[in-house]
Every structure is written in C-alpha cells, then in structure tokens.
**Student:** 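Questions regarding the structure given below will be posed in turn.
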Amino acid sequence: MNLPIRPRRNRRTPAIRSLVRETVLTPADFILPLFLHEDEVDTPIASMPGVTRWSLAGLVKEAGEAHALGVPAVVLFPKIEDPLKTPDAAECSNDEGLVPRAIRALKAAHPTLCVITDVALDPYNSDGHDGLVRRDERGELQILNDETIGVLCEQALCHVRAGADIVSPSDMMDGRVGALRDALDAAGFDQVSILSYSAKYASAFYGPFRGALDSAPKEGDKKTYQMDPGNAREAVREILLDEAEGADMVMVKPAGPYLDIIAKVRESTTLPVAAYQVSGEYLMIESAAAAGWVDGKAIALESLTGIKRAGADMILTYYAKRAAEWLKDR
Ligand code: PBG
C-alpha cells in the first residue's frame, strides 16, 4: 500500500510508546481515603473487601506506608459510635474526638503527609444526613441548609486546630465554601485549603461506603442536596460558584461513570480538579477480579488512567497504596 501516514509507527516499541504517552499515572496523583474507628483492633470492612477500618495505631502505620510509596495525602472517614450520634451532630467539633486525635497522631508521626478531612455531618448525626434535619408541617424531612453551615464551620475549625492541611466539604449545602473560608480566615487559618466536593452526585455507587461507616440515611435519600446524575451543566454551575466562594480545589464524584463531567469541569476552571473513584467503583473491580473474571490490577490502573486522562489532577482512590506499589515495579 502507498500509505505515507502510519500511526502504528508511534506504537512500535515500548520505548517509542513511552515517549508519546500523553497520560502517565504516578503515586503523586493519589489521595488515600482511610476509615478509622475507636477500637484498638484493625477490622476488615465487610462491604469493601480489601479495605480496613483502622485503629489509631493502624491508621498511622498504613498512612506511613502509603506516604513512603509516594502518596502525598490521606483523607479521613471516621466511624462514630452510636451513642455519640445526635440530631445536632455535636461530636463533630469535639477537640478530643476521634478525628482530631487521629490528625494529631498522623501529623506527629508523618510531618510531610498532607492530611485532608471530610466536612459533613453524616457520621455524627443520628439521622445519617449530611446536614441537620427537621420535619416540616406535612411530616416531610427537610435537610436544613443555613442552619447546617454554622455546624460545618465548627467541624472544620476543630479539624484545623488539630493540624489538618486541607478541609473538604462533602455535604453539598449551598454557600458552605464561602462560609468556611470566612470562618477559617477569621480564626487565623488563612493557609488552610478548601478542597470542595463541588459536583457530588446522588449516586448508588456510595452504597458500600455507607456500609463501612454505618452512615446511610435513616430516612429518605440525599437527592435534595446531591446532584441529579442526568445533569452536566449544573456541575459547571456548582464549580464556578465554589470557585467564586474561594475553593482552592474542586472535585467531581463519582469518577468513572462521570468522565464527561471531569472533562467539562477541567475546561471550565483553572483550579486543580480532583476526582473520587468511590466505593462502588472499587467494589465492582474487586469483585470481578476476585471471581477471576478480570485482571484486577490491569483494570484498576486503566480506570485510574482514564480518570486522569479525562482531566483529573488528583484522584481519591482506595487503590492509592496498592497502585503506588504496582507503579513502582512497572
Ligand atoms: C459523606 C460521604 C460519602 C462519601 C464520601 N463522603 C457518602 C455519601 O455522600 O453518602 C462516599 C465515598 C465512597 O462511596 O467511596 N458525606
């Protein structure tokens, strides 16, 4: 054939392929979500095979190992004991609570590790919603926006007093980023960043996570605050609002089924974009791999590459530590 243009030339050898590769994963892309509890023992999480709910000591060890592999950051998710869950979620700003103690332990053991905390009320609130709840005259549950924001600010301040580097509001209340920025600045924490869960969808992919923390809503769903999976323009609207309110970084969540949103958001802002490969995405890969149906390592790395290629600068993933290991011996 007289064919002067042959794209296959750029794929001929591993060396040439590595020269022309557009997207390269590195451990520095990853944020490791870590579950913790008050217990002294590390417990495997039934709804998320391969993921552990850590004691404080286990948490410090696991974070240290991930950090040594090049993972720059962790984000903390506490399982709060039932008696401490109340309608006002007061435990979320207890300076002696589980999360602030964990932050102090992590920063003492690993000063260069970036510690991110989740700001939302669902682990603390007996209703299992991200905000405060009230029943209206018609008997329907309302998730209160403005009343919740003051509590979120107290929660964030508690985390940063303990040494958190970045606070990450995942609650989807309107106006919380601006309120958090004001509260942090007024308390002298102008160097603490806000990574906003800006475009967080009401997703069935969070199911295993809620099992891990026993944090599913007791009644109703999260559709009046988390976004409708059919909407893309609305994600841009949320991103631009959070940017205007002072977010330092924005997030799209989930990641894999929302690659178009990641790409759209990437084009709409100059802020760093994070994407969260959530528990259901992880579990689908893990269960297919456990059944012997797919090559789990290859599928996990390909999924993470797809998320980065779509436009994510950083990826929250339960694979962070394992993927860092895989990348090392690749
Ligand atoms: C709670 C929160 C959720 C996740 C992160 N923070 C669950 C939810 O919104 O119900 C989900 C993470 C995952 O599924 O891996 N604010």
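For ligands, and for the atoms within them, numbers begin at 1 and follow the listed sequence. Values reported hereafter were calculated over all heavy atoms of this structure, with side chains retained and with hydrogens, waters and symmetry mates removed.
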**Student:** Applying a 4.0 Å heavy-atom criterion (strictly less than), which segment of Ser279 is in contact with ligand 1: side chain, backbone, both, or neither?
**Tutor:** both
**Student:** I'd like the name of whichever of Tyr282, Phe77, Phe209 reaches closest to atom 7 (C) of ligand 1 through any heavy atom.
**Tutor:** Phe209
**Student:** Numbering the atoms of ligand 1 from 1, which are under 4.0 Å from a heavy atom of Ser170?
**Tutor:** 1 (C), 6 (N), 16 (N)
**Student:** Starting from Leu240 and following side-chain heavy-atom contacts under 4.5 Å between hydrophobic residues (I, L, V, M, F, W, Y), which residues can be reached?
**Tutor:** Val236
**Student:** Just go through Gln277, Lys200, Gln226 and tell me whose heavy atom is the nearest to atom 2 (C) of ligand 1.
**Tutor:** Lys200
**Student:** Show me which atoms of ligand 1 lie under 4.0 Å from any heavy atom of Asp130.
**Tutor:** 16 (N)
**Student:** Mark up the atoms of ligand 1 that fall under 4.0 Å of a heavy atom belonging to Tyr318, in ascending order.
**Tutor:** 12 (C), 13 (C), 15 (O)
**Student:** For Ala120, take its heavy atoms, then give the atoms of ligand 1 lying under 4.0 Å from any of them.
**Tutor:** 16 (N)
**Student:** Using a 4.0 Å cutoff against the non-hydrogen atoms of Lys222, which atoms of ligand 1 qualify?
**Tutor:** 8 (C), 9 (O), 10 (O)
**Student:** Would Arg101 and Glu38 pass as an ion pair if we require N to O under 4.0 Å?
**Tutor:** yes
**Student:** Quick one: which ligand 1 atoms are inside 4.0 Å of a heavy atom on Tyr276?
**Tutor:** 12 (C), 15 (O)
**Student:** Between Tyr276 and Phe77, what is the ring plane arrangement, given parallel below 30°, perpendicular above 60°, and tilted in between?
**Tutor:** tilted
**Student:** Quick check on salt bridge (charged side-chain N to carboxylate O under 4.0 Å, His left out): which of Asp242, Asp130, Asp182 does Arg176 satisfy it with?
**Tutor:** Asp242
**Student:** Do the charged groups of Lys107 and Asp165 touch, with an N to O distance under 4.0 Å?
**Tutor:** yes
**Student:** Which of the atoms of ligand 1 are close to Lys253, meaning less than 4.0 Å from one of its heavy atoms?
**Tutor:** 2 (C), 3 (C), 4 (C), 5 (C), 6 (N), 11 (C), 12 (C)
**Student:** What part of Asp122 sits under 4.0 Å from ligand 1 if we count only heavy atoms: the side chain, the backbone, both or neither?
**Tutor:** side chain
**Student:** Using a 4.5 Å cut-off between side-chain heavy atoms of Ile, Leu, Val, Met, Phe, Trp and Tyr, which other residues end up in the same hydrophobic cluster as Leu69?
**Tutor:** none
**Student:** Do Lys253 side-chain atoms and Val278 backbone N/O form a donor-acceptor pair below 3.5 Å?
**Tutor:** no
**Student:** Indicate, with yes or no, if Leu195 and Leu271 share a hydrophobic cluster defined by side-chain heavy-atom contacts under 4.5 Å among Ile, Leu, Val, Met, Phe, Trp and Tyr.
**Tutor:** yes
